[in-house]
Colleague: 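To start, I am sharing the structure in question, which I have written as structure tokens.
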Amino acid sequence: MEALDTLLLSRIQFAANISFHILFPTITIALGWVLLFFRLRFARTRDEKWMAAYRFWVKIFALSFAMGVVSGITMSFQFGTNWPGFMETVGNIAGPLLAYEVLTAFFLEAAFVGIMLFGFSRVPAWLHITATALVAFGTTLSTFWIIVLNSWMHTPQGFEMIDGVAHATDWWAIVFNPSMPYRFAHMVLASFLTVAFLVAGVSAFRWIIGDRSREVRAMLKTGVSIAALLIPVQIFMGDMHGLNTLEYQPQKVAAIEGNWETGPNVPLLLFALPDEAARENRFELGIPNGASMILTHHADGIVPGLNDFVAADGTPLHPPVAPVFWSFRVMVGTGLAMLALSWGAVFFMWRRRHLHDGRIPGHRMAVEGLPKPLLWALVPMAFSGWVATLAGWYTTEIGRQPWLVSGVMTTDMAVADVPAPMVAGTLAIYLAIYAALLIAYVGVIAYLARKAARGDDAPGNSMTHSGKAQVVALNPAE
Amino acid sequence: MPDFSTPADWLPWAFASLMGLSILVYVVLDGFDLGVGILFPLADPEEQDRMIGSIGPFWDANETWLVLAVGLLLVAFPTAHGMILSTLYLPVFAMLIGLILRGVAFEFRAKARSRHKVRWNRLFFAGSLITALAQGFMLGLYIMGLEKTVETYLFATLTALCLAAGYGFIGATWLVHKTTRHLQIKALQWARRSLWAVIAGVGAVSMATPLVSDRIFGKWFSFPEILWLAPLPAVSGALIAALWIMLRRMPFAGDRWNWLPFATASVIFAAAYLGLAYSFYPYVVPERLTIYEAAAAPESLMIILVGACFVVPVIIAYSILAYVIFRGKATELRYY
């Protein structure tokens, strides 16, 4: 019992740490490129609004980057403190991948982020642009290596087991393992969508509280446009990823569909309460043949069932069904909301483009065209990317259970022999700190948005002396 | 001396050296920015902003050396990584909490409402101190062979305090280099006071290490090793004495040599570290597991080493570039 408790608590702790961590890379991966876009627009047009957008978002980038770095350091220690068996078994493969991540990406970001944040007036423009580009490239490269390792855990190949330890035989096969391209594209797109909605949501918030500046228009249009462009690509990519999962991890797809028996004409369940004890669903509501259509493109296509993945003694060899089933629906539901909202916003801004009060020729969209409810809906959607990303990761990672590395080792083989109360204690403190930091993070973004909306964001307010500047600028109403 | 005839013989040694170098670079670089955090409450708000300005562009990259060091331990010596870190579960946890708090407080203090700034300042100090104490505690337990008894905990407490003060010391010497006028005078005073802790810390570790293990005692106090080892403590002693005199006479006219205390402190840290490395070699888990026993498969290590040979020089080059760009006295950090 003791071992089981430590296992479950360690899993929750790892899930908590990595969930908290991924929130911030999800923002910095794409925000780096968006900042590069703002910076290049400024270099090209010399229009101050792009630099104002850059200055505003670079602060949020700095904050997110710091949160990502410190929570990432936690991750590198977690392997040793809680999961020593992982590296002992597959260290020969995971090790070089992690090492390449740190060597090629982590240092690149960390060294150039200083120049990117504080170097604008210290270095020539080309170097500042290069630093911004290198940081964006570094975050993406970092994503690549981490996704390679993660994908290898889902679809391992290119290795042989010698005395219970994995040895690499083909590095090319390890890096380009079957699920890697889909997972990498899916994650990078997820990051861009997260940032697109964050930029759009925060700009909508600034607009609502009365900010009519040119940068807020530019930011809102940029955010909504990126979202509208990429969400169909993401839905397509998600579908491809799903088909790849069907091929390599059918038990995960069975859990996603909530399908117990392998067979044709499987419905797409919109709602169900999967009951693992009874091995059936309660309160099913579905579209006939839907799952078969999506997965095989035929109404009578065969969809794998969970009952195929049970050991002779009755132990399930498939993931827990309900969490996978529901995480998937949260992800898809959020994605559909993103689709509706971004396309709706682009449509209204385009249809009423003449409303642009500047009447500048060539404007294809006007923020004034957005109906109030749509504008208001964008604000809570600012963090919708987080919801979808976490739900997606829960789907795929819980969906990998009971395996840690598919077919190679199960999760319980890796856990450390640390007393359960100790894990429980540290977990409680992590959770408390993470909750407080998340509140502070969202609070600071809202505060920065309010401050910028009041026009206090212009050059002259330095970072270190902002304490003083703010006292003067504080609204008496606050 | 180790036998270097096959890759399986020299790869563990190469990785131990690389890991050792990362830890040393980490201790010096993050040492100074953690130290600046530890000295934080001693300064007034105006000075605090300047102190932040002196470490702002660097701290991210400095902490990355810790990730590299732990990463190398993880990838090159996986068994040792598990053994050491699960034994040090709670101090590692404390250090991580400390690193999280100081890292985020650093950003939040500049961006949050001004009435919240004091709270983030306190967290920045607390995070820096907790990190330093936890690292010192781990160092002490490691020296004591990862044994958990009352005596080893007492020793670990001593090294915790000494390392925190040592970081404060190297942080103060950094500030001597990066600041001017009143703050520089203050930093000199902090450096003079915390120099005592460095002497105590280096002394305690130097005396304890050979006493804990006969093997280490033998490595240091046998003939002829003692002859070529003697310069290490001698040079350290001379440098500490030089610092002692220097710190009493600074700042020199025209603020010349303001970088010398930091450079000297770095050399002292490096000398102490080299001594430790010599004592523990070839063990990675003291007296239990050597680097040769703990090493990962040679094929995997080779793959990493090839990459490292190309990448590490580049990392060093652009890290130096960052220090060159932000050289000179600390100014306000500006995002434009």
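Chain A is the first sequence line, chain B the second, and so forth, proteins listed ahead of strands; every chain is numbered from 1.
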Colleague: Which answer fits A:W83, side chain, backbone, both or neither, if we ask what part of it has an atom under 4.5 Å from a heavy atom of chain B?
Modeller: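 When you check distances to chain B, no heavy atom of A:W83 falls under 4.5 Å.
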
Colleague: Considering only heavy atoms, which portion of B:W65 lies under 4.5 Å from any heavy atom of chain A: side chain, backbone, both, or neither?
Modeller: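 Both the backbone and the side chain of B:W65 come within 4.5 Å of chain A.
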
Colleague: Which bit of B:M95 comes within less than 4.5 Å of chain A, counting heavy atoms only: side chain, backbone, both or neither?
Modeller: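 Just its side chain gets close to chain A.
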
Colleague: A:A99, A:A131, A:G91, A:G72: which one forms the most heavy-atom pairs within less than 4.5 Å of chain B?
Modeller: A:A99

Colleague: Verify the neighbour count for atom CZ of A:F137: are there more than 12 heavy atoms of other residues, nucleotides or ligands below 6.0 Å?
Modeller: no

Colleague: Backbone N or O of B:A297 within a donor-acceptor pair of the A:N92 side chain at under 3.5 Å?
Modeller: yes

Colleague: Please determine, among B:A322, B:G307, B:G71, the option with the most heavy-atom pairs under 4.5 Å with chain A.
Modeller: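 Heavy-atom pairs under 4.5 Å are most numerous for B:G307.
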
Colleague: Given A:V70 and B:E63, is the side chain to side chain contact (heavy atoms under 4.5 Å, CB included) satisfied, shown in steps?
Modeller: CA-CA 9 Å; A:V70 293; B:E63 284 191 358; 4.2 Å; yes

Colleague: Could you tell me the separation between the OG1 atom of A:T74 and the CG atom of B:L96, rounded to the nearest 0.5 Å?
Modeller: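 Here the rounded value is 4.5 Å.
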
Colleague: First locate atom CD of B:E107, then atom NZ of A:K59, and finally report the distance between them rounded to the nearest 0.5 Å.
Modeller: 11.5 Å

Colleague: Do you know which of A:L108, A:I433, A:V123 has the most heavy-atom pairs with chain B at a distance under 4.5 angstrom?
Modeller: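 When all of A:L108, A:I433, A:V123 are compared, A:L108 has the most.
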
Colleague: What part of A:V423 lies closer than 4.5 angstrom to a heavy atom of chain B: side chain, backbone, both or neither?
Modeller: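 Both parts, heavy atoms under 4.5 Å.
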
Colleague: Chain A heavy atoms under 4.5 Å from B:I100: which part of the residue, side chain, backbone, both or neither?
Modeller: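 Contact with chain A involves both backbone and side-chain atoms of B:I100.
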
Colleague: If you tally heavy-atom pairs under 4.5 Å against chain B, which of A:V113, A:I115, A:L97, A:L98 wins?
Modeller: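 With the most close heavy-atom pairs to chain B, the winner is A:I115.
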
Colleague: What option among B:I315, B:V104, B:L66 has the most heavy-atom pairs under 4.5 Å with chain A?
Modeller: B:I315

Colleague: Using heavy-atom distances under 4.5 Å, tell me whether B:V312 contacts chain A through its side chain, its backbone, both, or neither.
Modeller: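 When you check distances to chain A, only side chain atoms of B:V312 fall under 4.5 Å.
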
Colleague: Calculate, to the nearest 0.5 Å, the distance between atoms OG and CH2 belonging to B:S300 and A:W171 respectively.
Modeller: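 Taking OG in B:S300 and CH2 in A:W171, the distance rounds to 5.0 Å.
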
Colleague: Passes side chain to side chain contact (heavy atoms under 4.5 Å, CB included), A:L437 versus B:F108? Steps please.
Modeller: CA-CA 10 Å; A:L437 288 180; B:F108 276 121; 4.2 Å; yes

Colleague: For B:L88, which atoms come within 4.5 Å of any heavy atom of chain A: side chain, backbone, both, or neither?
Modeller: neither

Colleague: Using a 4.5 angstrom heavy-atom cutoff, name the option from B:L73, B:L72, B:T79, B:L74 with the most pairs to chain A.
Modeller: B:L74

Colleague: Return the option, out of B:L321, B:L90, B:V314, B:N62, with the maximum number of heavy-atom pairs under 4.5 Å with chain A.
Modeller: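 Of the candidates given, the most pairs with chain A belong to B:L90.
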
Colleague: For B:I325, is there any backbone N or O sitting under 3.5 Å from a side-chain donor or acceptor partner on A:R122?
Modeller: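 Yes: the side chain of A:R122 pairs with the backbone of B:I325.
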
Colleague: For the interface with chain A, which of B:V311, B:L301, B:I303, B:L101 has the highest count of heavy-atom pairs at distances below 4.5 Å?
Modeller: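 Of the candidates given, the most pairs with chain A belong to B:I303.
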
Colleague: Measure centre to centre between the rings of A:F77 and B:F93, then say whether the value is under 6.0 Å.
Modeller: no

Colleague: Which region of A:F86, side chain (C-beta onward) or backbone (N, CA, C, O), has a non-hydrogen atom less than 4.5 Å from a non-hydrogen atom of chain B, or is it both or neither?
Modeller: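 Neither part.
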
Colleague: Which atoms of B:I97 come close to chain A, meaning under 4.5 Å heavy atom to heavy atom: side chain ones, backbone ones, both, or neither?
Modeller: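 For B:I97, the contact with chain A is made by the side chain alone.
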
Colleague: So which heavy atom on A:A66 is nearest to which on B:G103, and how close?
Modeller: CB-O, 4.0 Å

Colleague: Measuring heavy-atom distances to chain B, does A:F24 have an atom under 4.5 Å in its side chain, in its backbone, in both, or in neither?
Modeller: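 For A:F24, neither part sits under 4.5 Å from chain B.
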
Colleague: So, the side chain of B:Y89 versus the backbone of A:M422: is there a donor-acceptor pair under 3.5 Å, distance only?
Modeller: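 Here the side-chain-to-backbone pair does not exist.
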
Colleague: Considering only heavy atoms and a distance below 4.5 Å, find which of A:A94, A:G114, A:S71, A:G443 pairs most often with chain B.
Modeller: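 Winner by heavy-atom pair count: A:G114.
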
